[in-house]
2 protein chains.
Amino acid sequence: MKLATYRNGEADGCLMVVSRDLSRAIEAAGLAPNLLHALQRWDEVAAELQHLSDALNAGLKPLARPFDPARCMAPLPRTFQWCDGSAFLNHGHLMERAFNTAPIPDFDSIPVMYQGASDDFLGPCDAVPLPDEAFGIDFEGEFGVITGPVAMGATPEAAQQAIRLVVQLNDWSLRTFGPREMKTGFGFLQAKPSTSFAPVAVTPDELGQHWRGGRVHLDMEVTWNAERFGHPNGGEMHFSFGQLLAHAARTRKLSAGTIVGTGTVSNAGGERGSACIAERRAIETIAQGAPVTAYMRFGDRVRMAARLPSGETPFGVIDQQVVAC
Amino acid sequence: MKLATYRNGEADGCLMVVSRDLSRAIEAAGLAPNLLHALQRWDEVAAELQHLSDALNAGLKPLARPFDPARCMAPLPRTFQWCDGSAFLNHGHLMERAFNTAPIPDFDSIPVMYQGASDDFLGPCDAVPLPDEAFGIDFEGEFGVITGPVAMGATPEAAQQAIRLVVQLNDWSLRTFGPREMKTGFGFLQAKPSTSFAPVAVTPDELGQHWRGGRVHLDMEVTWNAERFGHPNGGEMHFSFGQLLAHAARTRKLSAGTIVGTGTVSNAGGERGSACIAERRAIETIAQGAPVTAYMRFGDRVRMAARLPSGETPFGVIDQQVVAC
């Protein structure tokens, strides 16, 4: 099934079930007021949500209305935990080569992951207010999963079983702060403003053969100011989502509603472009000694959509403009 | 006023108003079901909570019952954001000297702060389940604040005005993971299991003259297995809470219910001992070339209480045992 959250004046929004082709949507508030609530009572409500989804897809819900992404908040407008990995090793290796930094220890055997702010996610069409163009405004196209409860010490296999929904996201980054915050050892904070999400969260089965090995085998199409920027494929992820979740749960349990992201989707070889400006700048630096592409300006737009071979966008589209706050 | 949260089977618990001397408590569920809810509607409920608190302190609430810390969850058992600073420079300087690591850049002019997990906080008397004694189990005695909304780019003065409550906490740490996670640049994740809180959250006015300059001027008494470990004073904090909050809010707004901590309370000179084992080990390493004190074992207890000169403990007491999970 496919779920979304409409703005309704409440911080957690209103839960919607969306048809497979994203053409229509119907309120699920009778089953759960919002997605966070549904995730906390998943065993009670999942079957009923699935039933509603089946009926909607069968054209049996005359009260359904055209689905409107502009009314969408993030599928989870806020939650209690958000962790983001860096599971595409190609991205990390490019950054190290370009900036001549020390290799991250055990980068290919232990996931790196930062804890992010989860109190204020942005919807797919929301403006992105930021304080200063000089902060190195960048996008990062990623996939993520939303989990049920994961026990402390869970294996990757057990953790993967707890995946409820798959999402697509833009992990906005302010590159000016990154290197200093990495040097402190305390990780990213000012470098990571509010993260944005595509409108539709989907159960893994909705991705069919494109969900396998705990990875999303889809191209992430990124367009910056109407110019095609990159379309790397999510299947090249080094660690599976199960491995990322087990890493996060090694010394603590994860509550229902936890979101874990992949880090910037990135493919070796370079033919597919990048899903963030920093990586393109790294490639330019390696090739030419210096970056050519500048970071984003106020007024710029970025569009991101994972695309099926059929042309459909299973998560809908992120289409946002950066503005001065 | 003083607030606590009783366990009631719900994830957010039941909001209680506690008398100034911590002798009695009364349910505030008629005003707000839980503290997270109250913080999100603070302007509507604060006056009524204060009224209930005043009546309780005046002995006018015969339905009040003896306050029982053993029934307490953390004041906020979960919330949408938790950030922890390292605002006592003495602690950072000792760690650098002992381990001969590079100084954190701008340590005395820009706060360092990591984003922590906020989905599963522990109550003051809860057992602390951890997977392995070999992980370097350590406590960190700290103060913290719980905020209302803070705008992106808020000044330290404006941010300080958003402080709703002051708390006392134990930021459990697994030292085996810390150095590796710092080297990745992505910050602490496995090194920071669930954080514990003293039972009572207090409005700043409850601390009287001991709340000034955005700092808690109280000794943090730490006892490990019934042996006095340290009693550093919170007044030596280099950055004020207003400065810490402004740092966290520089590139994003903070939602109501955000918790920001001080980092381990630490005083120069050493006469007052430490609020974490790692700092004592650093002092031993500097003095004798190697640490002497071992980290915690399963079955160990740690007790923490900030104490007024009168002997009272305004936040109550954290008293926990570490157990195998």
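So you know, we letter chains A, B, ... as the sequences are listed, proteins then strands, and number each from 1.
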Is atom CZ of A:R7 surrounded by more than 12 heavy atoms (other residues, nucleotides or ligands) closer than 6.0 Å?
-> yes

Min side-chain heavy-atom separation A:F177-B:R250 under 4.5 Å | yes

Give a yes or no on whether the backbone of B:A248 and the side-chain of A:Q190 come within a donor-acceptor separation of less than 3.5 Å.
-> no

Segment of A:T258 engaging chain B (4.5 angstrom heavy-atom cut-off) = side chain

Below 4.5 Å from any heavy atom of chain B, which atoms of A:F107 appear? Answer side chain, backbone, both or neither.
-> neither

Quick one: pull up CG in B:D84 and CG in A:L189 and give me the separation to the nearest 0.5 Å.
-> 11.0 Å

How about A:Q81 and B:D120: do any of their side-chain heavy atoms sit closer than 4.5 Å?
-> no

Name the member of B:P105, B:A117, B:P103, B:S194 that forms the most heavy-atom pairs with chain A at distances under 4.5 Å.
-> B:A117

Heavy-atom proximity to chain A below 4.5 Å, by part of B:T79 | backbone

Given side chains that start at C-beta, do those of B:R78 and A:S255 come closer than 4.5 Å, heavy atoms only?
-> no

Flag the one option from A:F80, A:W82, A:F188, A:F135 with the top tally of heavy-atom pairs under 4.5 Å to chain B.
-> A:F80

Spatial distance of atom CG (B:L130) from atom OG1 (A:T251) [nearest 0.5 Å] = 7.5 Å

Rounded distance (nearest 0.5 Å) linking atom CD of A:E181 with atom CE of B:M113 = 10.0 Å

From B:E10 CD over to A:Q40 CD, what is the distance, rounded to the nearest 0.5 angstrom?
-> 10.0 Å

Side chain, backbone, both or neither: which part of A:D106 has an atom under 4.5 Å from a heavy atom of chain B?
-> side chain

Which of A:K192, A:H247, A:M152 touches chain B most, by non-hydrogen pairs under 4.5 Å | A:H247

Where does A:L36 contact chain B at under 4.5 Å (heavy atoms): side chain, backbone, both or neither?
-> side chain

Between A:P149 and chain B, which part of the residue has a heavy atom less than 4.5 Å away: side chain, backbone, both or neither?
-> neither

Do B:F186 and A:Q115 come within less than 4.5 Å of each other through their side chains, counting heavy atoms only?
-> no

Which atoms of A:T184 approach chain B - backbone, side chain, both or neither, heavy atom under 4.5 Å | both

Checked A:P129, A:G187, A:G178 vs chain B; the most non-hydrogen pairs under 4.5 Å come from A:G187

If you round to the nearest 0.5 Å, how far is NZ of A:K253 from SG of B:C325?
-> 11.0 Å

Less than 4.5 Å apart, any side-chain heavy atom of B:I104 and any of A:K183?
-> no

